[in-house]
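All figures in this text were calculated on a predicted structure; none of them were measured in a lab. Below, each value reflects all heavy atoms present in this structure, side chains not excepted, and no hydrogens, waters or symmetry copies.
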Amino acid sequence: MTGPLVPFREVVLKVHSRCDLACDHCYVYEHADQSWRTRPKTISDEVIFRTAQRLAEHAKTHALPSVSVILHGGEPLLAGPARLRRICEELTSAFDGIAALDLRIHTNGLQLSPRYLDLFSEYDVKVGISLDGDRAANDRHRRFSDGRSSHPLVLKAVELLRQERYRHLNLGLLCTVDIENDPVAVLDALTELEPPLIDFLLPHATWDDPPPRPDGSPTAYADWLLAVFDRWQEQGRPVPVRIFSSVASTLDGGPSLTESLGLAPTDLVVVETDGSLEQVDSLKSAYEGAADTGFDVFAHAFDEVAAHPGVRARQLGLDGVSETCRRCPVVRSCGGGLYTHRYSSAGADEGFDNPSVYCHDLAALVRGIEARTPADAVAPEVAGPAELLAAQEDLTRTLLARLHADLDGAGGERWAGAWELAAVLEGSEEGARGLDGVLAHPFTRTWLLDALDALHEGRRGAASRAADGLRTLLAAAAVRAGLDLRVPAPYRDGALVLPTLGRLTVAGPGERGTVLVRAAGDGFLVGADAASAERRIRRADAAEPGWLPVRGFALPGAPFPGHGFLIDDLDPYRDCFDAPAAATLGAAAAGRLGDALTEAWALIEERAPAHGAGSLDGPLTFTPLTGSAPGEPSVGRHGYGALGIGADEDAGTLALTLLRGVRRARFRALVDVADLYAADGSWEHRMPWKEEFVPFSGLLAAAYERLALAAFDPRYRDGVPQALDTLEGAAELTIGGKRLLALMRKEF
């Protein structure tokens with residue numbers, strides 16, 4: 001098996017191999033593997049010491065920031081407080097200076113008392129308690145060997161853990177599902193105890209020993225869990241439920257949050273009371289010796305266990321599931337189910353290369369949670385232009401806040417003064433609107449990312465250049481807002497560039513310095529200092545000596561006056577396209593390009609009005625490029641709304657360029673702020689109009705673009721229905737992606 005070694009970040013340490021309950025669904029005592037009978041009851045000092053040393057060595061070798069150790073059994077509290085203290089001492093000592101140690105214990109709670117909890121508080125050992133619901137549910141399986149109920153004692157333990165002095169140790173409740181129990185009553189009983197987390201566990205089963213299904217339903221366990229989900233929603237989701245959170249995370253493109261679901265590689269190993277190193281404990285349900293590795297803490301390092309074929313088989317992700325699972329759209333969420341639950345000893349299906357025995361349940365659970373999760377709540381930016389623009393603005397503001405934090409005072413008085421001025425602008429409606437307009441300019445994002453890179457790479461003068469960049473932005477924002485504020489704005493090579501406004505020559509070539517800028521009527525005033533005479537510049541007047549304005553054009557069919565686009569061939573950060581930015585256009589060339597763009601938009605309004613001016617999320621900024629292919633726009637690598645185009649395309653070619661460019665820019669903006677897909681590249685899909693195979697992202701982006709082209713020219717409709725069908729059946733699609741796909745189908 002290929003691939004890098006996956007280190008263990010979680011260790012189950014068996015501290016006692018016996019139990020004070022006789023649960024009839026326990027995989028340790030009631031299932032296929034009965035090795036507990038030959039193991040020591042209690043872990044020895046030697047095993048504790050060697051485990052601590054081996055595990056610390058493993059953490060150091062792999063530079064692990066933290067390792068979780070779960071004290072387990074049997075019933076771990078039967079080891080007694082003295083033995084548990086020894087374990088905590090050895091582990092804490094071994095990990096000192098190497099990695100953080102996350103200690104936990106899973107218990108039935110019967111022995112829990114203040115003497116244990118005081119010990120756990122000393123070593124910060126978090127406590128998880130097994131409880132299957134109300135008394136009727138819990139007593140179905142969790143009884144003493146003489147049949148007595150354990151429920152009152154478990155509740156006593158839970159209440160003890162809820163006390164203020166022990167609440168910080170509360171890890172939550174573990175509940176094994178039994179479909180004979182009332183799901184609503186089970187959830188109500190658990191949430192009434194206000195745990196920090198509820199973990200519902202499917203009972204361990206295999207194809208040889210399948211789970212009970214009294215009514216024969218292949219989705220009985222999903223139906224039970226969805227009834228719990230509905231009640232949980234009705235309650236207002238008062239407590240996190242791990243299985244629901246995990247499905248929601250994977251549906252939205254995130255990771256699985258539990259070993260029993262998802263495709264994340266396993267990083268767990270078990271140490272038995274005799275020091276044997278075993279695979280995940282649930283394998284004991286498959287067959288005698290299924291968890292064995294042949295290794296122990298005395299003679300073997302944890303790396304040797306990590307390289308064991310059985311362990312590696314559970315680290316293959318998508319490659320480790322059956323072919324049936326690989327073709328299933330929900331495999332990212334269910335991950336083929338728990339490895340143990342795939343086992344069969346029969347014929348061609350022998351081994352673990354099978355779907356889970358809970359396959360239909362898992363599919364129904366994932367689809368049920370998806371159906372109950374509004375896509376617009378998960379990815380609102382997919383649904384509307386305002387939400388997308390707001391998300392993009394949040395992203396830019398987050399980068400600006402990060403730059404401020406990373407400078408950490410290194411920008412000196414210039415940055416501090418600019419930051420204070422930004423707060424002043426934010427304090428008025430006009431100022432905030434002016435600042436928003438500059439932050440929405442796509443090249444602002446390019447400046448921010450360049451400033452962050454320069455700072456992190458330790459480039460000389462990075463902090464002062466960052467301060468200069470912010471002051472320039474604020475000067476432009478104040479002018480746009482019409483505020484009578486004198487803003488110090490730096491110039492370089494004799495030119496002052498105000499983003500979104502234009503470039504003003506204030507000195508000779510190669511000269512640099514600072515001028516004061518303030519708004520005045522339809523333009524702004526520029527002076528060398530507060531005492532000097534100020535020069536008045538009218539923003540839209542290209543005839544002003546030394547002043548080159550950013551050229552603005554109205555859009556045909558615009559839904560409101562002033563809605564248009566910019567040709568920005570002045571901004572120093574405009575060179576962020578796949579092809580190089582052209583030099584500043586002369587007045588005649590800029591006029592011709594503006595006329596061609598206006599004519600192209602008129603063609604779009606005529607032939608594809610749904611993709612005209614009214615469909616735009618916000619302003620577009622066009623930058624002329626050199627060497628770009630006709631009809632092929634280049635999308636700015638950073639901020640939303642930047643399109644690079646050839647400066648000499650005719651209106652018909654430009655119309656296709658605009659349709660492609662707007663869709664590419666919007667798709668990139670969506671990917672910036674929303675998870676439309678996950679596990680991209682794990683599968684390849686046929687692109688019908690090119691007869692080639694591409695990753696999911698490539699097909700989705702191409703289909704999204706092609707829909708706009710098809711509205712303009714019906715020839716582009718070929719292959720679109722097949723592409724949409726392929727996308728809809730793909731496992732990579734998230735809830736947000738499905739929302740986008742639904743909108744795409746409406747367009748078609």
Side-chain angles (χ1 to χ4, degrees), residues 2-4 249-256 262-265 315-336 366 370 375 378-379 381-382 388 577-578 629 632-638 640 659-710 716-745 747-748:
T2 60
S249 174
T250 54
L251 285 173
D252 198 29
S256 168
L263 294 168
Q315 297 175 341
L316 296 176
L318 188 62
D319 291 335
V321 302
S322 69
E323 186 59 31
T324 300
C325 294
R326 279 185 59 84
R327 295 194 304 266
C328 178
V330 304
V331 68
R332 275 195 312 102
S333 291
C334 79
V366 171
E370 180 180 352
V378 175
E381 54 280 337
V382 176
L388 178 58
F577 300 93
D578 294 335
E632 280 295 325
S634 181
V635 177
R637 288 189 289 272
H638 308 131
Y640 181 35
L659 288 167
R660 287 192 173 101
V662 168
R663 294 293 267 199
R664 290 178 188 178
R666 184 180 292 155
F667 186 81
R668 179 172 292 183
L670 284 169
V671 171
D672 277 345
V673 297
D675 291 312
L676 304 178
Y677 47 81
D680 189 40
S682 298
W683 295 264
E684 287 195 330
H685 306 278
R686 189 175 70 88
M687 187 182 288
W689 47 87
K690 284 190 176 180
E691 291 298 329
E692 65 179 72
F693 284 83
V694 296
F696 180 88
S697 59
L699 182 59
L700 180 61
Y704 186 67
E705 177 182 320
R706 198 171 177 88
L707 277 167
L709 299 175
Y716 287 97
R717 294 176 64 90
D718 292 346
V720 172
Q722 296 92 321
L724 295 178
D725 289 344
T726 298
L727 292 167
E728 189 167 22
E732 298 97 323
L733 209 57
T734 63
I735 287 183
K738 290 185 178 182
R739 174 74 167 177
L740 177 63
L741 187 59
L743 295 174
M744 290 167 65
R745 283 200 179 277
E747 285 186 24
F748 193 70

> Taking only residues two or more places apart in sequence, or in another chain, which ones meet Pro695 in a side-chain contact (heavy atoms from CB on, under 4.5 Å)?
Replying inline: Asp680, Ser697
> Are the side chain of Arg637 and the backbone N or O of Phe577 linked by a donor-acceptor pair below 3.5 Å?
Replying inline: yes
Can you give the donor-acceptor pairs under 3.5 Å from side chains of residues 730-737 to other protein atoms, not counting sequence neighbours?
from	atom 1	to	atom 2	distance (Å)
Glu732	OE1	His685	NE2	3.4
Glu732	OE2	His685	NE2	2.9
Thr734	OG1	Asp675	O	2.5
Thr734	OG1	Leu676	O	3.1
Thr734	OG1	Gly736	N	3.4
Thr734	OG1	Gly737	N	3.0

Interatomic spacing from [atom1] in [X] to [atom2] in [Y] - rounded to 0.5 Å:
X: Ser634; Y: Arg660; atom1: OG; atom2: CZ; answer: 13.5 Å
X: Arg326; Y: Thr324; atom1: CZ; atom2: OG1; answer: 11.5 Å
X: Glu381; Y: Arg739; atom1: CD; atom2: CZ; answer: 11.0 Å
X: His638; Y: Arg668; atom1: NE2; atom2: CZ; answer: 8.5 Å
X: Leu707; Y: Arg745; atom1: CG; atom2: CZ; answer: 10.0 Å
X: Phe667; Y: Leu740; atom1: CZ; atom2: CG; answer: 7.0 Å

Give me the atom names and distance for the closest heavy-atom approach of [X] to [Y].
X: Arg332; Y: Ala679; result: CD-CB, 3.7 Å
X: Pro255; Y: Ser249; result: O-OG, 2.6 Å
X: Gly335; Y: Leu263; result: CA-CD2, 3.7 Å
X: Trp689; Y: Ala702; result: CZ2-CB, 3.7 Å
X: Cys325; Y: Gly336; result: SG-CA, 4.0 Å
X: Tyr716; Y: Arg706; result: O-NE, 2.9 Å

> Taking it one step at a time, do Leu724 and Met744 satisfy side chain to side chain contact (heavy atoms under 4.5 Å, CB included)?
Replying inline: CA-CA 8 Å; Leu724 295 178; Met744 290 167 65; 3.8 Å; yes
> Do Arg663's NZ or CZ and the ring of Tyr704 fall within the cation-pi criteria of under 6.0 Å and 45°?
Replying inline: yes
> Is there a side chain to side chain contact (heavy atoms under 4.5 Å, CB included) between Tyr640 and Leu388 once you walk through the steps?
Replying inline: CA-CA 10 Å; Tyr640 181 35; Leu388 178 58; 4.0 Å; yes
>> What verdict does the side chain to side chain contact (heavy atoms under 4.5 Å, CB included) test give for Trp683 and Val331, after you've listed the backbone C-alpha separation in whole Å, the side-chain angles of each residue and the deciding distance to 0.1 Å?
In response: CA-CA 12 Å; Trp683 295 264; Val331 68; 3.7 Å; yes
